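The block underneath contains the structure these notes are about, expressed in structure tokens.
The chains referred to below are lettered A, B, ... by the order of the sequence lines, with proteins before strands, and numbering in each begins at 1. Every value quoted in this text rests on a predicted model; they were computed, and no experiment measured them.
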2 protein chains.
Amino acid sequence: MDQLFAHLKNFYHLSREAQIALQECFQQITLPRNEFLIREGKTCRHMFFLEQGCLRGYYNLDGKEITHWFGFENDFITSFHSFITHQPAVESIQLMEAGTLWAISKEALTGLYDRHHEIERLVRIVYEKYYIRLEERYVNAQFKTATERYEELLQQSPHIIERVPLGYIASYLGISQETLSRIRARL
Amino acid sequence: MDQLFAHLKNFYHLSREAQIALQECFQQITLPRNEFLIREGKTCRHMFFLEQGCLRGYYNLDGKEITHWFGFENDFITSFHSFITHQPAVESIQLMEAGTLWAISKEALTGLYDRHHEIERLVRIVYEKYYIRLEERYVNAQFKTATERYEELLQQSPHIIERVPLGYIASYLGISQETLSRIRARL
DNA sequence: CTGCGTTTTTGACTATTGTCAAAAACGGGC
DNA sequence: GCCCGTTTTTGACAATAGTCAAAAACGCAG
């Protein structure tokens, strides 16, 4: 829990009361490797904070699993579309390692917004940061070659390459596993 | 101005007082075709609402202009990265048609957050919606073929194709103009 | 209607990546 | 250390998209 609150300070400094209120709404979860946090088709009603472990979000495209993001320590995790719209999730989220998470329900969170303005502010700021992160990812994904994308991943997120099977990384980069293997051979 | 407030109701219903406070912070701008709303290298300190017209965001990659998004009526426009981080914008935003916009400065907006909790809520909700919109765009861009992306654009946003030169659309889809021309010929 | 600059299309060729299949390397359990 | 299932690499070929250059179509001023 300390880790979560330490991380929140990167976004906004909460008052003691807000922290206590927030703390009461979180529940700890421990899940083994390969377990699902969210399954396609179910509505996701929680936001998670990943304290320890790593996981991937993926969806099905013509029977193929497309991994479109990874989550690591200190990431906020949810199926955002489902969480926001209350519609069934189109993606699944699966643990790639055994992990520890903190969960907060959407009702609890929106309840807090009314009682603690600062918590809503915190969440707004988190969204802003996540938005620009996604924007960057979008530009990289669409307008760079596979090799450039891999090299950038190597530089910026070497932890991904160390902890994640090649097949998932290839999918994440939008290329086939064979192509990624050849890129690696060349470097 | 009516149009702006009518549009805001899609996100959150503001009280009369909040509306008045917000209204006072907006300034109208009119710009001719090809004018720049934001130029690469300058810090963007405003959020805009596009009442009438259309524009594009683009950046330079090895001397080439990469158009990565379009804005149309009722869109909120800014260089999000610059607006949030206060760093110089990496992109430029240019009018493709003469347009009318409403501008609000970042200071004015953050000032409103303190005085009107609901305005911060509204903005949080706007960010949520824009986030999931971007997520969708990301998935489409990375994991579908050029033809699929063009067909989806045709179905979901025919207005883009009607109002925007082919070269910009090709860039937006992440393909060369020639390839887009060939896709069109085939359909 | 004509001419001219811009935008779009077409052609020929090249580079990149995908697909399918098989081989090699890796890693944990015994 | 050995076996077996999984992951990664390699090979051959096909499909997709990019590049450069030229032609055609378009749009507007005069």
- Residues within residues 149-170 of chain A bordering DNA chain C, heavy-atom distance below 4.0 Å: none

- Item | Footprint string (nucleotides 24-30 of chain C, 5' to 3'): B base within contact, S backbone only, - free, heavy atoms under 4.0 Å | -------

- Item | Nucleotide D:dG27, atom C1' - distance to CZ of B:R33 in whole Å | 12 Å

- Query: So which pairs with a foot in residues 16-38 of chain A pass side chain to side chain donor-acceptor pair (under 3.5 Å), sequence neighbours left out?
  - Reply: none

- Evaluate the side-chain contact (heavy atoms from CB on, under 4.5 Å) criterion for residues A:L55 and A:L31: first the C-alpha distance (whole Å), next the side-chain angles of each, then the deciding distance (0.1 Å), finally the verdict. CA-CA 11 Å; A:L55 38 76; A:L31 289 172; over 6 Å; no

In a table with atom names and distances, give each donor-acceptor pair under 3.5 Å that connects a side chain of residues 177-187 of chain A to protein atoms at least two apart or in another chain.
{"residue": "A:T179", "atom": "OG1", "partner": "A:S176", "partner atom": "OG", "Å": "3.0"}
{"residue": "A:R184", "atom": "NH1", "partner": "A:Y150", "partner atom": "OH", "Å": "3.4"}

- Closest non-hydrogen atom pair between B:Y172 and B:L153, with its separation: CE2-CD1, 3.9 Å

- Closest approach of A:L14 to A:L22 (non-hydrogen atoms, all atoms of both residues): CD1-CD2, 3.7 Å

List, one per line, each side-chain donor-acceptor pair under 3.5 Å for residues 119-127 of chain A, sequence neighbours excluded.
{"residue": "A:E120", "atom": "OE1", "partner": "B:H117", "partner atom": "NE2", "Å": "2.7"}
{"residue": "A:E120", "atom": "OE1", "partner": "B:R121", "partner atom": "NE", "Å": "3.0"}
{"residue": "A:E120", "atom": "OE1", "partner": "B:R121", "partner atom": "NH2", "Å": "3.0"}
{"residue": "A:E120", "atom": "OE2", "partner": "B:R121", "partner atom": "NE", "Å": "3.0"}
{"residue": "A:E120", "atom": "OE2", "partner": "B:R124", "partner atom": "NE", "Å": "2.7"}
{"residue": "A:E120", "atom": "OE2", "partner": "B:R124", "partner atom": "NH2", "Å": "2.9"}
{"residue": "A:R121", "atom": "NE", "partner": "B:E120", "partner atom": "OE1", "Å": "3.0"}
{"residue": "A:R121", "atom": "NE", "partner": "B:E120", "partner atom": "OE2", "Å": "3.0"}
{"residue": "A:R121", "atom": "NH1", "partner": "A:Y12", "partner atom": "OH", "Å": "3.4"}
{"residue": "A:R121", "atom": "NH1", "partner": "B:D114", "partner atom": "OD1", "Å": "3.2"}
{"residue": "A:R121", "atom": "NH2", "partner": "B:D114", "partner atom": "OD1", "Å": "2.8"}
{"residue": "A:R121", "atom": "NH2", "partner": "B:E120", "partner atom": "OE1", "Å": "3.1"}
{"residue": "A:R124", "atom": "NE", "partner": "B:E120", "partner atom": "OE2", "Å": "2.7"}
{"residue": "A:R124", "atom": "NH1", "partner": "A:E128", "partner atom": "OE2", "Å": "2.7"}
{"residue": "A:R124", "atom": "NH2", "partner": "B:E120", "partner atom": "OE2", "Å": "2.9"}

- Message: Is it the case that over 12 heavy atoms from other parts of the model lie below 6.0 angstrom from the CZ atom of A:R137?
- Response: yes

Going by atom type alone, with no hydrogens or angles, which donor-acceptor pairs under 3.5 Å involve a side-chain atom of residues 74-91 of chain A and a protein atom two or more places apart or on another chain?
{"residue": "A:N74", "atom": "OD1", "partner": "A:Q3", "partner atom": "NE2", "Å": "3.1"}
{"residue": "A:D75", "atom": "OD1", "partner": "A:R133", "partner atom": "NH2", "Å": "3.1"}
{"residue": "A:D75", "atom": "OD2", "partner": "A:F72", "partner atom": "N", "Å": "2.9"}
{"residue": "A:T78", "atom": "OG1", "partner": "A:H46", "partner atom": "O", "Å": "2.7"}
{"residue": "A:S79", "atom": "OG", "partner": "A:E91", "partner atom": "OE2", "Å": "2.8"}
{"residue": "A:S82", "atom": "OG", "partner": "A:C44", "partner atom": "N", "Å": "2.8"}
{"residue": "A:S82", "atom": "OG", "partner": "A:Q87", "partner atom": "O", "Å": "2.6"}
{"residue": "A:T85", "atom": "OG1", "partner": "A:H81", "partner atom": "O", "Å": "2.6"}
{"residue": "A:T85", "atom": "OG1", "partner": "A:Q87", "partner atom": "N", "Å": "3.3"}
{"residue": "A:E91", "atom": "OE1", "partner": "A:H68", "partner atom": "NE2", "Å": "2.7"}
{"residue": "A:E91", "atom": "OE1", "partner": "A:W69", "partner atom": "NE1", "Å": "3.4"}

- First locate atom CG of A:L112, then atom CD of A:E118, and finally report the distance between them rounded to the nearest 0.5 Å. 10.5 Å

- To 10°, what angle do the rotation axes through the five end pairs on each side of the helix from C:dC1-D:dG30 to C:dC30-D:dG1 form? 40°

- Item | Partners passing side chain to side chain donor-acceptor pair (under 3.5 Å) against B:S105 (at least two apart in sequence or in another chain) | none

- Task: For D:dT8, take OP1 and OP2 only and decide whether either is under 4.0 Å from a side-chain N or O of A:R184.
- Result: no

- Task: List for me each residue that meets side chain to side chain contact (heavy atoms under 4.5 Å, CB included) alongside A:N140, sequence neighbours excluded, and say none if there are none.
- Result: A:K144, A:E152

- Message: Tell me which pairs pass side chain to side chain donor-acceptor pair (under 3.5 Å) where either residue lies in residues 154-167 of chain B, with sequence neighbours left out.
- Response: B:E73-B:R163, B:E97-B:R163

- Query: In chain order, what residues pass the side chain to side chain contact (heavy atoms under 4.5 Å, CB included) check against A:N10, with sequence neighbours excluded?
  - Reply: A:H7

Just the atom pairs and distances: protein N or O near nucleotides 14-21 of chain C's N or O, under 3.5 Å.
{"residue": "C:dT17", "atom": "OP1", "partner": "A:A146", "partner atom": "N", "Å": "3.2"}
{"residue": "C:dG18", "atom": "OP1", "partner": "A:S176", "partner atom": "N", "Å": "3.4"}
{"residue": "C:dG18", "atom": "OP2", "partner": "A:S176", "partner atom": "N", "Å": "3.0"}
{"residue": "C:dG18", "atom": "OP2", "partner": "A:S176", "partner atom": "OG", "Å": "3.2"}
{"residue": "C:dG18", "atom": "OP2", "partner": "A:T179", "partner atom": "OG1", "Å": "2.6"}
{"residue": "C:dC20", "atom": "N4", "partner": "A:E178", "partner atom": "OE2", "Å": "3.0"}

